Amino acid sequence: RKEVEQDPGPFNVPEGATVAFNCTYSNSASQSFFWYRQDCRKEPKLLMSVYSSGNEDGRFTAQLNRASQYISLLIRDSKLSDSATYLCVVNVYGNEKLTFGTGTRLTIIP
Amino acid sequence: GAVVSQHPSWVICKSGTSVKIECRSLDFQATTMFWYRQFPKQSLMLMATSNEGSKATYEQGVEKDKFLINHASLTLSTLTVTSAHPEDSSFYICSAGDRGRGQPQHFGDGTRLSIL
């Protein structure tokens, strides 16, 4: 079983819609969680950290469910510029080492 | 602005050539840097952890004699792909951690390596 699993998509969503991604992780001792965004042929960029209490940044909401070992990302009022691959990232060991999911590809359609 | 600089951005070379990629932290000291490889439509796979002043730690299945890592200073790590072959063609990305900035790692722009 992969340490971090995501639905690869693609998700094709009309502009203005709400879209949600889930991600599951296998190690219950995982320390911290993040969503990164990666555009085609570019490096990943941190979108947001994910906290147990849930956190929101503008149109983006991230949630963590430790009991079920999953992380979610919700994007409201999607924009064309949201088209990208969204990577679920887990810090398993509490050091700086990160484990990446395969990513979920999102395309926003005009 | 960029806090991790990676060079070169794109390399095309013949099979058998050795290629060196540099990763620099621009305004912070990085005792640890990471090297990843990403094949098309796949996720980032950690190749090795580069430790300043000591040997790199390689992930299982990564040949340390093929992918030479040197981390001689707190701001520079290099990855050398020795005797590169077409199957080594990939997107190589480095990252460096700077906990003081509140995020786990900063990524370089990546190096697209194409071996003919």
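In what follows, every heavy atom counts, from backbone to side chain, and hydrogens, waters and symmetry copies are set aside. Chain naming here is simple, since letters A, B, ... match the order of the sequence lines and numbering starts at 1 in each. Computed from a predicted model, the values in this text were never measured in an experiment.
With a 4.5 Å cut-off on non-hydrogen atoms, B:Ile93 touches chain A through its side chain but not through its backbone. When heavy atoms are compared at a cutoff of 4.5 Å, B:Gln6 does not approach chain A at all.
The stretch residues 46-77 of chain B places B:Leu46, B:Glu59 near chain A, each with some heavy atom under 4.5 Å from a heavy atom of that chain.
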- Task: Kindly indicate, with the supporting measurements, whether the criterion side-chain contact (heavy atoms from CB on, under 4.5 Å) is fulfilled by B:Gln42 and A:Thr102.
- Result: CA-CA 6 Å; B:Gln42 295 187 23; A:Thr102 52; over 6 Å; no
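Residue B:Phe107 forms a side-chain contact (heavy atoms from CB on, under 4.5 Å) with just one option from A:Glu43, A:Gln38, A:Lys42, and that option is A:Glu43.
Hydrophobic clustering of Ile, Leu, Val, Met, Phe, Trp and Tyr side chains at less than 4.5 Å, counting indirect connections, unites A:Val50 with A:Phe60. In the hydrophobic clustering of ILVMFWY residues, with side-chain heavy atoms under 4.5 Å counting as a link, B:Met45 and B:Val81 come out apart. B:Tyr92 and A:Phe100 are members of different hydrophobic clusters when ILVMFWY side chains are connected at heavy-atom separations under 4.5 Å. Cluster annotation: A:Leu80 is connected to A:Tyr86 through the hydrophobic network of ILVMFWY side chains, with a link wherever side-chain heavy atoms come within less than 4.5 Å. One hydrophobic cluster holds both A:Ile108 and A:Trp35 under the rule that ILVMFWY side chains link at heavy-atom gaps under 4.5 Å.
When side chains are defined from C-beta on, A:Tyr36 does not count as touching B:Leu44, because their heavy atoms never get closer than 4.5 Å.
By the neighbour-count criterion of 12 heavy atoms within 6.0 Å, atom CD of A:Gln63 is sparsely surrounded, having that number or fewer from other residues, nucleotides or ligands. By the 6.0 Å contact criterion, CZ on A:Arg37 is enclosed, its count of non-hydrogen atoms from other residues, nucleotides or ligands being greater than 12.
The closest donor-acceptor contact from the side chain of B:Ser43 to the backbone of A:Gly101 lies under 3.5 Å.
The two atoms that bring B:Phe91 and A:Arg41 nearest to each other are CZ-O, 4.1 Å, heavy atoms only.
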